[in-house]
Amino acid sequence: MRPWIEKQRYLIDYTLAALARRKARNLGLLAVYALLVFMLASVSLFGQALRQEAAAVLADSPEVILQRLVAGRHDLIPPGYLEKIGRIRGVQHQQGRLWGYYYDPVSKANYTLLVPAAEAPAPGHLRLGATLARERGLQAGQPLSLRSYGGKLFTFTVDEVLPASSELISADLVLLGEADFRAFFDYPAGHYTDIALSVANPQEVRNVAAKLSAALPDARPILREEMRRTYASLLDWREGIALALLAAALLAFAILAWEKASGLSADERREIGILKAIGWETGDVLRMKLWEGLLISFSAFLLGLVGAYVHVFHFGARLFEPVLKGWAVLYPRFTLVPQLDGLQLFTLFFFTVVPYTAAVLVPIWRAAIIDPDAAMRG
Amino acid sequence: MIQLTDIHKAFNQGQHNEYWALSGIDLELEARRVTAFQGPSGSGKTSLLTIVGCLARPTRGRVRLHGEDISGLPERFLTEIRRRTFGFVFQQFNLIRGLSALDNVMLPAYPEGKPHAELLQRAEVLLARLQLGHRRHARVEWLSGGEQQRVAIARALINDPEVIIADEPTANLDTTLSKQFLAILEELSGEGRTVLLTSHDPLVIKSSAVHRVVGLRDGRLCGD
């Protein structure tokens, strides 16, 4: 065992010396490689963190949301629906919700106006999402005037800017009281936008949804699980677009790696010939080249991963923000909770280190089988 | 020690540019002697040395080392024999540029996996013996021709081989350095090593350090 370890040590020593001797070329390769890992890792880490964030947000949302449809379009919930639901077994609690969209010509962005279930602002007051407040330059205590769709001007006082920790979902949010909401949108009394239901037993959610569909045929129950899947697929789709773009970079890198390995310089070929002539086996040369590949791969992987970690969790993934967070006027500013999971790391490793190793293996093998007598004839 | 029987060596066999470098060499090389192969360019001297030193296989014929036929051995075993039995001093020295003299000397021993301290000590002793102790950390490209050749000799000796093979060892040296090389040659022979070299340098061929001269022309023996 000892000679084997010593031998590997000698091979690594030699490889390090060889890498140092071709500094410019190897540093160039390392930089391109690390950049590729950085981009892939950024997309992956960011997507994963967003999914976790969305899952955490949805964990507090109601199990079922009931919407009414007219001609296949979302319509208001008329009076009497809440009472009908109350008679369905399994429903623990139901509440009519009031929310709507408002286009603000000043900031050229859509806001979501919502009446909170509890602690609604007093009449004439509202609470704002941090992105929106930033966009309009508002702080607590300042007035905000909005012209309703009916043409009437409403002036509210900003009570509070919502905490930045909830910015991912509250970017464009305006919270106001029920009376203000109904007055602003000219919303008919007793009507609601939709109904939020809580179900005591999670196993019963699908049964409750089926009962709701039967009791209220014009209503559509939306399950929390479905929303979670929609969010996930939306993020997956965006991540897919980013990865498809990066696939081109991956291919370019594979070509570079192949070129690097197959285009062994005359100097390197001469060196391999000498090593074989003085007693190195083909296997030793292959091992030496393998160590070289591993050292480059691991260094690039670590550099890229650490870079991506810092980029995503300390700089909010500035480079990929527009693609991954969505296309909107109001970009939320928020800090993701740093996390890494084993499968994610393995996937990244697999898609960066394995293609490089595969791309360089054949050319290296071809170089390693150089006849040792080439040195004699050099 | 080494017996060559009916050795043939062809290059580009079966192609329009087929070339026979060796044609029917029968030769016995004695241990602990200095044998020089003499002949003009293209006579087959280097081809013969590559076959004796297990760097290449003959197209036809047998090579026996200590009575054992080694011409048909797989590459791995042939490499092991080459590493342990032969030390090479190439015409262009073939040192690895960018590495120090010391690192170059140790290279053939890496596959053996000997303890580093032991290997380092042996390399330093060899360099000191060849008056290169003070230059051991210098990169080989900074050394003079004579110094480079002595590094190559130290490298050839690192695995303590029985046989030293030197291809045109004085081709890149002036008369003084050539004489220095012949002195080293005598020393190696005095230690009981077998030395095989190619040369058409009269200084080498006529030297008292050389015990036997074998002539070659057009791939055949022409005088012993």
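The sequence lines fix the lettering, A, B, ..., with proteins before strands; numbering per chain opens at 1.
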Flag the pair B:R97 / A:E271 as yes when at least one side-chain heavy-atom distance between them is below 4.5 Å, and no otherwise. no

Could you walk me through whether A:I274 and B:F88 pass side-chain contact (heavy atoms from CB on, under 4.5 Å), step by step? CA-CA 10 Å; A:I274 294 170; B:F88 295 89; over 6 Å; no

Against chain B, label A:L11 side chain, backbone, both or neither, depending on which of its atoms sit under 4.5 Å from a heavy atom there. neither

Chain A-proximal positions within residues 69-80 of chain B [heavy-atom distance under 4.5 Å]: B:E75, B:R76, B:T79

Could I get the full list of side chain to side chain donor-acceptor pair (under 3.5 Å) partners for A:Y10, not counting sequence neighbours? none

Under 3.5 Å donor-acceptor, A:R270 side chain and B:N94 backbone: no

Count the heavy atoms of every other residue, nucleotide or ligand shown that sit under 6.0 Å from CZ of B:R212, and state whether that count exceeds 12. yes

Heavy-atom distances under 4.5 Å only: say whether A:R9 touches chain B with side chain, backbone, both or neither. side chain

Quick check: are there more than 12 heavy atoms from other residues, nucleotides or ligands sitting under 6.0 Å from CZ of A:F351? no

Do you know which two heavy atoms are closest between B:F90 and A:A277, and how far apart they sit? CZ-CB, 3.7 Å

For atom CD of B:Q15, is the number of surrounding heavy atoms from other residues, nucleotides or ligands below 6.0 Å larger than 12? yes

Can you list the residues that meet the side chain to side chain donor-acceptor pair (under 3.5 Å) rule with A:S44, with sequence neighbours excluded? A:Q344

Inter-chain contacts: residues 110-128 of chain B against chain A, heavy atoms under 4.5 Å: B:Y110, B:P111, B:E112, B:G113, B:K114, B:P115, B:H116, B:L119

Need one label for B:R155: side chain, backbone, both or neither, based on atoms under 4.5 Å from any heavy atom in chain A. side chain

Applying side-chain contact (heavy atoms from CB on, under 4.5 Å), run through A:Y14 and B:D103 and close with a yes or a no. CA-CA 9 Å; A:Y14 183 79; B:D103 286 334; over 6 Å; no

Quick check for you: to the nearest 0.5 Å, what is the distance between B:L55 atom CG and A:I278 atom CD1? 11.0 Å

